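Letters A, B, ... are given to chains in the order of the sequence lines, protein chains preceding strands, and every chain is numbered from 1. Small disclaimer: the values here were computed from a predicted structure and weren't measured.
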There are 2 protein chains.
Amino acid sequence: MDTAPHGSKAAWETREQILRAALKHFANAGYAATSVQRIVGDARVSKPALYYHFRDKAGLFDALVNQAHDGRFQVVREAAARGRGIREKLVEILTALFGYFHHNRELTRIAFSTAYAAPGEVPPGLCHFDKCRRNMEFFHSLMQDAQAAGELDNRFESRDLAYGFYGLTNFYLTAHLLIPHYRLDRKAARRLADLFLAGAAAKKSVKGRKP
Amino acid sequence: MDTAPHGSKAAWETREQILRAALKHFANAGYAATSVQRIVGDARVSKPALYYHFRDKAGLFDALVNQAHDGRFQVVREAAARGRGIREKLVEILTALFGYFHHNRELTRIAFSTAYAAPGEVPPGLCHFDKCRRNMEFFHSLMQDAQAAGELDNRFESRDLAYGFYGLTNFYLTAHLLIPHYRLDRKAARRLADLFLAGAAAKKSVKGRKP
DNA sequence: CATTTTACCTACCGTTCGGTAGGTTTATGG
DNA sequence: CCATAAACCTACCGAACGGTAGGTAAAATG
């Protein structure tokens with residue numbers, strides 16, 4: 001999709017500069033509303049420099065989107081591996097996602113807006129759908145394992161569990177884009193995992209986990 | 001924002017035709033990637049006809065976005081009024097939203113993609129943020145009332161409850177855009193409401209509501 | 001030292017963009 | 001029957017779009 005520089009250090013830096021500027025503008029204005037002129041203007045390079053390093057505008061965008069999805073997926077997998085038991089896993093995942101999001105806000109914004117965008121807004125051939133499903137399937141298998149281990153209620157379908165938690169996760173991340181004062185830290189992660197696990201309904205007589 | 005026709009029946013039909021075509025293209029390609037040329041071409045009217053009925057491209061888009069948000073909000077409010085008790089209310093809301101979505105797929109897609117879009121992708125001055133918050137606040141007050149009535153666990157913050165349910169709702173709607181074979185009907189609404197209320201964790205010894 | 005490849009440059013291409021100037025037809029009220 | 005407004009039309013504008021042709025300085029390679 002994009003041609004990497006073959007060795008020169010200056011070339012590598014040019015490429016990074018283009019990527020940085022592109023990330024900023026794509027995150028702020030989306031794909032269609034961002035022009036390559038603005039990118040090269042902000043990166044202080046010429047237009048053919050961009051077209052030397054990347055096949056076209058879509059290829060440049062693709063590189064960023066893949067980076068975003070792959071980074072997020074890796075973070076989730078590593079976090080899940082750290083926790084023992086479903087509750088710890090969910091807390092670790094949420095905490096890690098909140099941290100990743102905080103330090104890669106623009107990448108995350110690109111990932112979300114492309115996932116929810118109209119199909120024709122994003123360049124054709126971009127397979128963000130597969131990336132989303134890979135993420136989803138991981139959550140799905142997580143829930144299935146936890147059901148098999150007796151940690152989760154077997155009367156729910158594992159798909160509903162995966163969707164429910166994935167939706168909760170995504171919503172808090174996207175909400176944080178609009179409402180930045182809502183703190184997303186480990187404490188919030190614990191609250192949300194507990195809400196998901198214990199349910200919102202008032203408990204009649206229960207000595208269960210504290211919310 | 002847009003000038004309504006003053007009485008002519010043909011004029012009203014022209015306006016509707018423009019709105020129909022615009023809805024189709026904005027939903028399929030987003031705001032920036034949709035050109036007014038394509039809209040007027042599809043609506044079989046001339047460009048000045050569009051600019052006679054609407055101030056500009058942004059005004060046309062604004063009309064559609066407002067229609068989408070207002071329709072959704074009204075549906076949610078009416079559904080909530082139909083249910084007695086928080087569980088019935090949530091089931092009614094989910095069912096009504098699924099139905100509204102099914103019959104207004106393109107409007108809903110516009111509402112979602114603009115809500116999650118990059119700020120610069122959508123025309124400036126579009127106050128979709130207020131529309132989202134109005135929706136959110138309604139859910140928030142719903143949860144607060146249910147907590148006050150002892151139906152929901154007081155140990156959770158009402159904001160977390162509202163966000164959690166809102167996130168679950170939104171995720172299922174957006175997921176349905178990508179995975180249409182996942183049926184969204186009243187049965188699904190009941191499952192999701194129960195998941196939200198009862199929680200995902202396995203019950204040790206509980207004669208609570210059936211999931 | 002000659003040659004090839006890398007890593008760009010200036011200048012420009014054809015197309016499409018959102019939007020409008022200015023004229024024309026159609027319904028309406030006096 | 002004439003005037004006025006509504007409801008469009010054809011034709012066009014300047015600007016910006018994504019992308020490229022053709023040339024070049026510097027570095028790697030023989």
### Task
Would you mind building the protein contact string for nucleotides 14-23 of chain D? One character per nucleotide, 5' to 3', B for base within reach (heavy atoms under 4.0 Å), S for sugar-phosphate only, - for untouched.
---BBBBB--
### Message
If the cut-off is 4.0 Å, is A:Thr14 near the phosphate of C:dC8, judged by side-chain N/O to OP1 or OP2?
### Response
yes
### Message
Does a side-chain N or O of A:His53 approach OP1 or OP2 of C:dC8 to a distance below 4.0 Å, or not?
### Response
yes
Between [atom2] on [N] and [atom1] on [X], what's the gap in Å once rounded to a whole number?
X       : N      : atom1 : atom2 : answer
B:Gln17 : D:dC8  : CD    : P     : 10 Å
B:Leu60 : C:dC17 : CG    : C1'   : 16 Å
B:Tyr52 : D:dT10 : OH    : C1'   : 18 Å
B:Ile18 : D:dA7  : CD1   : C1'   : 11 Å
A:Leu50 : C:dT10 : CG    : P     : 15 Å
A:Phe54 : C:dC8  : CZ    : P     : 11 Å
B:Trp12 : D:dC8  : CH2   : P     : 13 Å

### Task
For residues 13-42 of chain B, pull every pair meeting ring-ring contact (aromatic ring centres under 6.0 Å, His included), keeping only residues two or more places apart or in separate chains.
B:Phe26-B:Tyr31, B:Phe26-B:Phe61, B:Tyr31-B:Phe61
### Residues forming a side-chain hydrogen bond (donor to acceptor under 3.5 Å, both in side chains) with A:Arg38, sequence neighbours excluded
none
Would you mind writing out the side-chain donor-acceptor pairs for residues 97-108 of chain A within the sub-3.5 Å range, not counting sequence neighbours?
{"unit_1": "A:His103", "atom_1": "ND1", "unit_2": "A:Gly99", "atom_2": "O", "d": "3.0"}
{"unit_1": "A:Asn104", "atom_1": "ND2", "unit_2": "A:Tyr100", "atom_2": "O", "d": "3.0"}
{"unit_1": "A:Thr108", "atom_1": "OG1", "unit_2": "A:Asn104", "atom_2": "O", "d": "2.8"}

### Task
Just jot down the ring pair (Phe, Tyr, Trp, His ring centres under 6.0 Å) partners of B:Phe196, sequence neighbours excluded, or say none.
B:Phe165
Pairs of donor and acceptor atoms involving the side chains of residues 70-78 of chain A, under 3.5 Å and at least two apart or interchain, shall be tabulated with distances.
{"unit_1": "A:Asp70", "atom_1": "OD1", "unit_2": "A:Lys131", "atom_2": "NZ", "d": "2.9"}
{"unit_1": "A:Asp70", "atom_1": "OD1", "unit_2": "A:Arg134", "atom_2": "NH2", "d": "3.1"}
{"unit_1": "A:Arg72", "atom_1": "NH2", "unit_2": "A:Asn170", "atom_2": "OD1", "d": "3.0"}
{"unit_1": "A:Gln74", "atom_1": "NE2", "unit_2": "A:Glu78", "atom_2": "OE2", "d": "3.0"}

### Task
Describe, in one word, how the ring planes of B:Tyr182 and B:Tyr172 are oriented to each other, choosing from parallel (under 30°), tilted (30 to 60°) and perpendicular (over 60°).
tilted
